[in-house]
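Below is one structure, written out as structure tokens, with a few remarks after it.
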Amino acid sequence: MESAIVIGGGITGFSIAYNLAKRGVKTTLLEKKYPSSGSTGRCSGGIRNQWSREHEIKLARESIKVLEKLSAELNFNILFRQGGHIILAEDEKSMNNLVKDTETQRDVNVRTEILNQDQIKRILPFVDITKIVGGTLNRKEGVCHPFSLLYGYQQSFKKLGGKVLKFTKAEKLDIRNSKVEGVKTNKNTFEADFVVVAAGAYSKELLKTIGINIQSKVLKTEILATEPLKFFIKPMVLCKPSMLFFNQTIRGEVIGGASEPSNEGYNLDSSLEFLRTFSKKLRNIAPPLRRVKVLRSWAGLQEFSPDESPIYGKTEIQNLYIACADSGKAFTFAPKIGEYFAELITEGQTSWDMTPFSLKRFEKKINQNH
Ligand SMILES: Cc1cc2nc3c(=O)[nH]c(=O)nc-3n(C[C@H](O)[C@H](O)[C@H](O)COP(=O)(O)OP(=O)(O)OC[C@H]3O[C@@H](n4cnc5c(N)ncnc54)[C@H](O)[C@@H]3O)c2cc1C
């Protein structure tokens with residue numbers, strides 16, 4: 001029986017680990033803290049199809065198909081709600097970009113509607129339409145509860161014989177003759193036929209120790225939750241170019257952020273500045289929400305690759321695979337990525353071309369520039 005180690009107990013690691021175990025690979029997942037302690041447990045759970053590039057749109061489209069059936073497969077309610085995503089354009093330039101994106105999306109069978117101000121008012125009556133030019137809506141998109149999705153995978157992974165080792169930090173990858181043989185942790189050394197590094201924003205630190213340099217920026221993203229309110233926001237809302245986003249959870253809290261640029265680094269402190277910026281942006285678009293009380297705020301990390309798309313696939317080291325540089329999209333992509341990694345590892349190839357996500361795409365550019 002072949003064996004694998006997956007490093008990282010976020011949604012990417014668990015989706016890959018579950019799919020490997022499903023294919024009969026003896027799989028151990030190593031997590032330096034506890035499952036969901038990274039970006040997964042801090043994200044807003046948006047599942048979005050409205051991207052600009054074909055390969056990302058296709059991957060999101062396939063992930064949505066997985067999510068639609070996953071509660072039944074895992075026998076666990078992952079709380080996936082397809083209320084749609086609405087993107088509001090605050091200026092003409094953003095509207096033109098959105099319209100262009102809908103054409104690319106249509107080319108790969110993703111149907112996104114273009115909305116005028118009146119149509120938006122009917123869906124979001126609390127929005128001040130004088131502040132927006134128009135928008136787009138994709139009804140297949142939605143929100144999935146991050147903890148439910150992760151725990152669903154974890155439960156089925158364990159039922160399939162998978163092992164989850166908490167508070168076990170991967171410290172070194174054991175490479176011999178350009179092949180990975182195992183992982184040294186703060187506790188033991190584990191041998192395995194295959195190793196997947198899915199340690200979120202910390203993957204690059206581990207990979208650096210074996211000479212793989214990921215060119216990416218790690219940035220803090222802050223987010224907050226309000227007091228619970230009677231349900232009134234069906235789709236998740238994103239505004240461009242302000243990057244304000246918000247949705248309402250099943251408990252009624254409004255969860256939102258503003259994706260403000262922050263300094264590079266691993267700092268996770270909440271700031272008063274974020275509360276001010278978010279409130280200002282929200283009040284501008286949705287004036288009736290100005291009196292809603294904020295209950296708590298927190299922050300998570302997002303790691304952006306140079307083209308703001310994740311890195312998925314093989315490395316130059318035999319049997320070593322990576323899934324990192326989430327670029328703020330890996331929660332959406334994880335359900336299908338798990339299936340692709342399991343195919344790649346057990347069959348040596350995937351039923352779909354993953355090269356647009358490969359690490360090699362950056363190496364080529366670096367070589368071309370020299
Ligand atoms: C505020 C916010 C909102 C977001 N909203 C969305 C959204 O709406 N939609 C979307 O698609 N994405 C969203 N994202 C991005 C999304 O959260 C991430 O892309 C996704 O959760 C990444 O999952 P992951 O499993 O790759 O990484 P993580 O969830 O970070 O998991 C990595 C795990 O590896 C562990 N680890 C690290 N180093 C080691 C080591 N050496 N040994 C063992 N374990 C280790 C960590 O403790 C962590 O648990 C958002 C992110 C933030 C911060």
Side-chain angles (χ1 to χ4, degrees), residues 1-41 150 153-214 216 218 266 301 303 310-326 330 334 337-338 340-348 359:
M1 194 186 204
E2 289 182 314
S3 63
I5 290 176
V6 175
I7 304 170
I11 201 60
T12 309
F14 269 105
S15 173
I16 295 171
Y18 163 71
N19 280 287
L20 281 171
K22 210 172 129 183
R23 282 175 173 249
V25 179
K26 191 173 167 235
T27 307
T28 304
L29 183 143
L30 310 178
E31 166 51 53
K32 75 171 177 181
K33 289 187 183 165
Y34 51 88
S36 76
S37 57
S39 300
T40 300
L150 189 138
Y153 274 130
Q154 176 173 235
Q155 178 182 278
S156 292
F157 173 59
K158 285 182 174 171
K159 274 189 195 155
L160 290 166
K163 274 196 192 136
V164 179
L165 303 181
K166 296 182 208 168
F167 300 100
T168 307
K169 182 178 179 190
E171 290 182 334
K172 210 169 173 305
L173 299 163
D174 179 9
I175 314 286
R176 282 175 255 163
N177 301 322
S178 299
K179 186 171 180 252
V180 69
E181 302 283 352
V183 181
K184 184 179 170 299
T185 74
N186 56 333
K187 294 178 178 165
N188 299 338
T189 298
F190 298 90
E191 290 187 351
D193 298 313
F194 307 102
V195 174
V196 183
V197 178
Y202 298 89
S203 304
K204 63 194 272 185
E205 287 185 351
L206 191 59
L207 292 165
K208 208 186 212 169
T209 62
I210 55 161
I212 298 180
N213 288 308
I214 306 287
S216 62
V218 175
Y266 290 81
L301 299 174
E303 182 194 8
I311 300 173
Y312 296 130
K314 294 178 179 172
T315 65
E316 65 217 21
I317 311 286
Q318 206 185 329
N319 294 353
L320 179 68
Y321 301 83
I322 54 173
C324 65
D326 74 292
I337 273 303
Y340 286 137
F341 267 72
E343 277 180 21
L344 184 64
I345 292 169
T346 58
E347 296 172 30
L359 178 60

Self-check item: Electrostatic pair Asp174:Arg176 at N-O distance under 4.0 angstrom
Solution: yes
When you measure from the side chain of [X] to the backbone of [Y], do you find a donor-acceptor pair of N or O atoms at a distance under 3.5 Å?
X      : Y      : answer
Thr209 : Lys172 : no
Ser39  : Leu301 : yes
Lys26  : Met1   : no
Ser156 : Tyr153 : no
Thr40  : Ile11  : yes
Thr168 : Lys166 : yes

Compare all side-chain heavy atoms of [X] with those of [Y] and state whether any distance is below 4.5 angstrom.
X      : Y      : value
Ile212 : Leu359 : yes
Ile210 : Thr315 : no
Asn213 : Lys208 : yes
Arg23  : Glu2   : no
Leu20  : Val6   : yes
Ser37  : Glu31  : yes
Ile214 : Ile322 : yes

Distance check, rounded to the nearest 0.5 Å: [X] atom [atom1] versus [Y] atom [atom2]?
X      : Y      : atom1 : atom2 : result
Ile7   : Glu171 : CD1   : CD    : 11.0 Å
Thr27  : Lys22  : OG1   : NZ    : 13.0 Å
Ile175 : Glu181 : CD1   : CD    : 8.5 Å

Of all the heavy-atom pairs spanning [X] and [Y], show the shortest one and how long it is.
X      : Y      : value
Lys179 : Asn319 : CE-ND2, 3.6 Å
Leu150 : Gly10  : CD1-C, 3.6 Å
Leu207 : Val197 : CD2-CG2, 4.1 Å
Glu303 : Asp326 : N-OD1, 2.9 Å
Ala198 : Thr12  : CB-CG2, 4.2 Å
Ser15  : Asn19  : O-ND2, 2.8 Å

Less than 3.5 Å apart, which donor and acceptor atoms pair up between the side chains of residues 189-196 and the rest of the protein, not counting sequence neighbours?
from: Asp193; atom 1: OD2; to: Ser3; atom 2: N; distance (Å): 2.8
from: Asp193; atom 1: OD2; to: Ser3; atom 2: OG; distance (Å): 3.4

Quiz item: Does atom NZ of Lys187 have more than 12 heavy-atom neighbours, drawn from other residues, nucleotides or ligands, at distances under 6.0 Å?
Solution: yes
Practice problem: Measure up the Phe341 and Tyr312 rings against each other and bin them: parallel (under 30°), tilted (30 to 60°), perpendicular (over 60°). | Solution: perpendicular
Exercise. Report the relative orientation of the aromatic rings in Tyr202 and Tyr266; use parallel for angles under 30°, tilted for 30 to 60°, perpendicular for over 60°.
Key: tilted
